[in-house]
Visitor: 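Handing you a structure now.
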Amino acid sequence: MSDNTHYDPQAVEAKWQARWAERHTNEPDLSGAPRPFYNLMMFPYPSAEGLHVGNMFAFTGSDIFGRFKRLLGYNVFEPIGFDAFGIHSENFAIKQGIHPGELIPRNITNFRRQLRQIGAMFDWRHELSTTDPGYYKWTQWIFLQLYKAGKAYKKRAAVNWCPECKTVLANEQVINGFCERHPDTRVEQRMLEQWFFRIAEYAPRLLANLDGLDWSESTRSAQRNWIGRSDGARITFNAFDGGGDRVPLEVFTTRPDTIFGATYLVLAPEHSAVERLTTPACRAAVAAYLERTAKLDLVSRKTVKEKTGEFTGSFAENPATGARIPIWIADYVLLEYGTGAIMAVPGHDERDFEFAQAFELPVVRVLAREGENPDARVNEPFTGIDDVRMVNSGRFNGMTARDALGAIVAWLEQRGIGQGVVNYRIHDWCISRQRYWGPPIPMIYCDTCGAVPVPESDLPVLLPQIEDFRPDDSGISPLARHKEWYYVACPTCGAQGRRETDVSDTFLDSSWYHLRYPSTDFPDRAFDPALTRKWLPVTTYIGGNEHAVLHLLYSRFIAMVLKELGMIDFEEPFTRFRAHGTIVKDGAKMSKSRGNVVVPDEYIAKWGADTFRMYLMYLGPFEEGGDFQDSGISGPRRFLDKVWKLVTESLGQDACGEIIHRVGVKWNQTVVKVQENLEALKYNTAIAAMMELVNVLREENCAERQIVEDLVVMLAPITPHFSEECWERLGHKTSVFDGQWPRWDPSLVVEGTVEVVVQVSGKTRSKVLVGRDAPEAEVLKAATADATTRRFIEGKETRKVIYVPNRLINIVV
RNA sequence: GCCCGGGUGGCGAAAUUGGCAGACGCAUGGGACUUAAAAUCCCAAGGGAGGCAACUCCCGUGCGGGUUCGAUUCCCGCCCCGGGCACCA
């Protein structure tokens, strides 16, 4: 590397990685930092395959931003860690027959090695792993805080069950109703006791706050979809059981305006009123239907298919028309949404129409478009609300549907049988996992005291080292088989109690890790109040959109609860979030079966981390991703070779001497453009701008010291080792990152003369060179004097002249 | 079906309060250097037509309309690709 004519990335990178560690270059003083900037990237799950190019792309883009902010004078904290618990690791361990407790540390060691070689500005003093008892102690502590605040509760809930694996499956492991690992085995649903967090309670705030967040639009949109607000009404129908007794049934609808068209009611099969409303004559058929639907797995139940259902034998009264309408059960109505019961309006709802056709139920039209016969048969349900008026709806006839919506809700409210409500799709967060590889949920069950939280002083509840970590057919976590762990004294009365054997969801681990990073030095608290005030919320968070919904939403929820508990003073943990794009290879998705996976190690070994970093950022806009093509990487490498040469030349005697105007302007414009582009995460165009500058320097044969130094600094966020080496060769003793971002000369950012485009009737015909901000008359004179222009305007009358200063003049003839 | 992105040369891509379409790079062709090759350097290049040539003309940003002196950019109606949600009443 001391060879001045040759850039040797391997030597340069090894040297600077060692030196950064020696000099503690990337370890900001967390308590003293005057301008804290928390630069966060999503911590990886340490898979056995190692760091993939998607991780590398994301981390590099985030690291560039952090390094750039550091050069602007911020104290940047850039931590890294490992999201190492979870079903992913556990399934892999089961497949390989290796205990996750052995496998995961091995993977982490490999990840650490890879993370060091990509040259990111990680502060390794604050590394964390969610599997570390010193970390999950506080994950359990957070569970206890939520439990004590009434935000955690237990209830029976349906899970996917594979009779062959004899275990609970995640929704992603169910493929079209069949087990992922046993394609011939139908997945069923089973009811199990599970722990939930009350996130649904926070739906209005989770939704409303989105408008004020500086986040990628795609991410905010995904969260809005997930939270799923719908405005509607709850309406009570009077139903009557077999004995003629009144049974009030509440339905939820977003279209109360269509109530006159409700010709039957439908209950979810699990609805609590089903039993009472089923008449003896219908009992057998209903029971058979219930059994059939109960067997279906959760995914299949929600997949559109032919409508099925059963008549209960009972009827209700439509409160608008007074008509007697039948009550059905059908699995197209979901217990978890709304009230688990609907009023069916087959004339104006596709699903209800389909059901009515299948079971020959009456269809009534209550909406008619302009010129449509109010009594025309409905052949296809009209479901819109605009440009349509009420028909067959009593006193509301003739109103627009929009107006009727409000009027009918008011009418129902007046009669005390309905009210306008907002409904959300988001459900409470089920955090229970009947698995081994996670933090045990810190609860104890006692026959006399009931459910008792583990005292905070007894945390962590250690995950026992057991050999048979595989799930079995009991549907209960493997932890239950370990009696010496399972049986424990009740913290309240001292009698023999039993531990909760479920572990918590991985998303709980990752919902608060950003709070832990600054405080990893404190074994006695989850997050230090002073450090938290200084460093949080996170200044900029960069990650993939695969976590757009769950991880980011859960983190926001946890922050809201902690804020309510007075433990932190913010409720939105990530001030700015940017979703990065995805990398494809030669136009196709990367996958092992295609054999087109880019392995970062191979490219780093061949080209060096800096060239690889630069290429990854150059192949497309960071927020959109791009296409990785092997041939493309030579471009950035050639560019770095040229810069290396410029550095060498700048050290010589005849570097440049006088900076000609063209070079001066390009130099200053480049500083402005690169700064703007880095700020906007447009790394590809920042790199292009620096390439342009280098092209000009080479054309003009100029290697002026000051310009070359600025170039080295501007490149430093992207190619940190390379820039450090150049910086040292330029005679500096300190790190390039302890220096400053270049300043620019505003007078040299704009040129003295500009080229103005000459158009004739909107078509570009020529261009003229005029002084900056020249008046219109002068430009017009120059334009009409131009020979080419003259050919197009001669003999024609000028009707109009449009002049855009410094840009264009358009002569309309 | 609904909600977000996106569609521009051979390829990856630039270009925004509406103003030169294709910056920058890859690949390609030609030339220089070399015994030769690699590397490096120089030149060419959206497509088509005309000209010995400097050059000139026409077409061109997924498709069809519109607004405008001027549209990759704004409006209306579609098509295709990627992602999210989805029997959510």
Visitor: Any donor-acceptor pair under 3.5 Å linking the side chain of Asp710(A) with the backbone of Ile707(A)?
Guide: no

Visitor: Between C33(B) and C41(B), how far apart are the C1' atoms? Round to whole Å, please.
Guide: 8 Å

Visitor: Could you walk me through whether Phe639(A) and Tyr618(A) satisfy the side chain to side chain contact (heavy atoms under 4.5 Å, CB included) test, starting with their C-alpha distance in whole Å, then the side-chain angles of each, then the deciding distance to 0.1 Å, before giving a yes or no?
Guide: CA-CA 12 Å; Phe639(A) 169 70; Tyr618(A) 187 62; over 6 Å; no

Visitor: Calculate the interatomic distance between Gln669(A) atom CD and A23(B) atom P; express it in whole Å.
Guide: 17 Å

Visitor: Scan nucleotides 54-62 of chain B nucleotide by nucleotide, 5' to 3', and note B when protein non-hydrogen atoms come under 4.0 Å of the base, S if they reach only the sugar-phosphate, - if neither.
Guide: --SSSS---

Visitor: Would you check if there is a donor-acceptor pair between the side chains of Ser555(A) and Tyr541(A) at a distance under 3.5 Å?
Guide: no

Visitor: Do any side-chain nitrogens or oxygens of Lys589(A) fall under 4.0 Å of OP1 or OP2 in G83(B)?
Guide: yes

Visitor: Let me know, please, whether Tyr337(A) or Gly635(A) comes out on the 5' side of the other along RNA chain B by nearest nucleotide.
Guide: Gly635(A)

Visitor: Report yes if a side-chain nitrogen or oxygen of Ser230(A) is closer than 4.0 Å to either non-bridging phosphate oxygen (OP1 or OP2) of A89(B); otherwise report no.
Guide: yes

Visitor: Write down the distance separating the C1' atoms in U72(B) and A14(B), rounded off to the nearest Å.
Guide: 11 Å

Visitor: Kindly say whether the aromatic ring centers of Phe507(A) and Trp429(A) come within a distance under 6.0 Å.
Guide: no

Visitor: Of the listed nucleotides (C24(B), G84(B), C87(B)), which one gets closest to any side-chain atom of Met691(A)?
Guide: C24(B)

Visitor: Distance only, no hydrogens: is a donor on one side chain within 3.5 Å (strictly under) of an acceptor on the other, for Asn545(A) and Thr219(A)?
Guide: yes

Visitor: Can a salt bridge be assigned to the pair Asp641(A) and Lys645(A) using a cut-off of 4.0 Å between side-chain N and carboxylate O?
Guide: no

Visitor: Can you confirm if the NZ or CZ of Lys307(A) lies within 45° of the ring axis of Phe359(A) and under 6.0 Å from the centre of its six-membered ring?
Guide: no

Visitor: Measure the distance from CH2 on Trp607(A) to P on G25(B) and round it to the nearest whole Å.
Guide: 16 Å

Visitor: Cation over ring, Arg556(A) on Trp215(A), under 6.0 Å and within 45°?
Guide: yes

Visitor: With C1' as the reference atom in both, quote the distance from G77(B) to G70(B) in angstrom, rounded to an integer.
Guide: 24 Å

Visitor: Is the shortest side-chain N/O distance from Asn545(A) to OP1 or OP2 of C4(B) below 4.0 Å?
Guide: no

Visitor: State the syn/anti category of G9(B) according to its glycosidic angle, syn meaning within 90° of 0.
Guide: syn

Visitor: Pro717(A) and Leu678(A): which non-hydrogen atoms are nearest, and at how many Å?
Guide: CG-CD1, 4.3 Å

Visitor: On a heavy-atom basis, which atom in Asn318(A) and which in Phe237(A) lie closest, and how many Å separate them?
Guide: CA-CE2, 4.0 Å

Visitor: Name all pairs fulfilling the salt bridge (charged side-chain N to carboxylate O under 4.0 Å, His left out) condition that reach into residues 621-635 of chain A, sequence neighbours left out, sorted by first residue then second.
Guide: Lys585(A)-Asp630(A)

Visitor: Where do Met390(A) and Phe260(A) land on the side chain to side chain contact (heavy atoms under 4.5 Å, CB included) test, with the steps shown first?
Guide: CA-CA 10 Å; Met390(A) 308 303 297; Phe260(A) 285 84; 5.7 Å; no

Visitor: For A49(B) and A39(B), measure between their P atoms and round to the nearest Å.
Guide: 34 Å

Visitor: Taking the side chain of Phe252(A) as its heavy atoms from C-beta onward, which of G19(B), A89(B), G84(B) lies nearest to it?
Guide: A89(B)

Visitor: Atom CD1 of Ile687(A) to atom C1' of A23(B): distance rounded to whole Å?
Guide: 14 Å

Visitor: Just how far is it from atom NZ of Lys666(A) to atom NZ of Lys673(A), taken to the nearest 0.5 Å?
Guide: 8.0 Å

Visitor: Determine the Euclidean distance between corresponding C1' atoms of U8(B) and U17(B); express it in Å to zero decimal places.
Guide: 22 Å

Visitor: What's the gap between U16(B) and G12(B) when it is taken at their C1' atoms, as a whole Å value?
Guide: 22 Å

Visitor: With rounding to whole Å, what would you report as the distance between A27(B) and A86(B) at their P atoms?
Guide: 45 Å

Visitor: Side chain to side chain contact (heavy atoms under 4.5 Å, CB included) for Tyr603(A) and Tyr615(A)? Distances and angles first, verdict last.
Guide: CA-CA 11 Å; Tyr603(A) 287 85; Tyr615(A) 179 56; over 6 Å; no

Visitor: Which residues in residues 546-554 of chain A have at least one heavy atom lying under 4.0 Å from any atom of RNA chain B?
Guide: none

Visitor: Checking contacts here: which listed nucleotide (C42(B), C85(B), A27(B)) is nearest the side-chain heavy atoms of Ser631(A)?
Guide: A27(B)

Visitor: Between Arg220(A) and Glu217(A) (salt bridge meaning N to carboxylate O under 4.0 Å), is one present in this structure?
Guide: yes

Visitor: How close do Ala268(A) and Leu335(A) get, heavy atom to heavy atom, and via which atoms?
Guide: CB-N, 3.5 Å

Visitor: Can Glu699(A) and Arg662(A) be counted as an ion pair, charged N to O under 4.0 angstrom?
Guide: yes

Visitor: Is the phosphate of U40(B) approached by Arg638(A) (side-chain N or O, under 4.0 Å from OP1 or OP2)?
Guide: yes

Visitor: What's the gap between G82(B) and A13(B) when it is taken at their P atoms, as a whole Å value?
Guide: 15 Å

Visitor: Heavy-atom nearest nucleotide on RNA chain B for Glu217(A) versus Met343(A): which residue maps closer to 5'?
Guide: Glu217(A)

Visitor: Provide the closest heavy-atom pair for Thr254(A) versus Leu405(A) in the form atom of the first, atom of the second, distance.
Guide: O-CD1, 4.0 Å

Visitor: For a quick check, with a 4.0 angstrom heavy-atom cut-off, what is the B/S/- contact string for nucleotides 43-49 of chain B, read 5' to 3'?
Guide: -------

Visitor: The side chain of Asn225(A) is closest to which nucleotide in this list: C3(B), A23(B), A89(B)?
Guide: C3(B)

Visitor: Evaluate the side chain to side chain contact (heavy atoms under 4.5 Å, CB included) criterion for residues Ile259(A) and Ile408(A): first the C-alpha distance (whole Å), next the side-chain angles of each, then the deciding distance (0.1 Å), finally the verdict.
Guide: CA-CA 9 Å; Ile259(A) 189 168; Ile408(A) 287 178; 4.0 Å; yes

Visitor: Please tell me which of the listed nucleotides, C85(B), A21(B), A89(B), lies nearest to the side chain of Thr764(A)?
Guide: A21(B)

Visitor: Consider the side chain of Arg698(A), meaning its heavy atoms from C-beta on, and name the nucleotide among G84(B), C41(B), C85(B) that approaches it most closely.
Guide: C41(B)

Visitor: Can you tell me the distance, in whole Å, between the CZ atom of Arg220(A) and the C1' atom of G84(B)?
Guide: 16 Å

Visitor: Could you check which of C87(B), G19(B), C26(B) has an atom nearest any side-chain atom of Gln759(A)?
Guide: G19(B)

Visitor: Measure from the side chain of Thr253(A), starting at C-beta and using heavy atoms only, and say which of C41(B), A89(B), C24(B) lies closest.
Guide: A89(B)

Visitor: Could you run down nucleotides 8-14 of chain B 5' to 3' and tag each one B, S or - for protein heavy-atom contact under 4.0 Å?
Guide: ---SBSS

Visitor: Roughly how many Å is it from CD1 in Ile809(A) to C1' in C20(B), rounded to a whole number?
Guide: 15 Å

Visitor: Which one, G84(B), C24(B), G19(B), comes nearest to the side chain of Ile802(A)?
Guide: G19(B)

Visitor: Rounded to the nearest angstrom, tell me the gap between atom CZ in Phe639(A) and atom C1' in A23(B).
Guide: 15 Å

Visitor: Using Watson-Crick or G-U wobble pairs with both distances under 3.5 Å, give me RNA chain B in dot-bracket, 5' to 3', with [ ] for crossers and | for pairs to another strand.
Guide: (((((((..(((......[....))).(((((.......))))).(((((....)))))..(((((..]....))))))))))))....

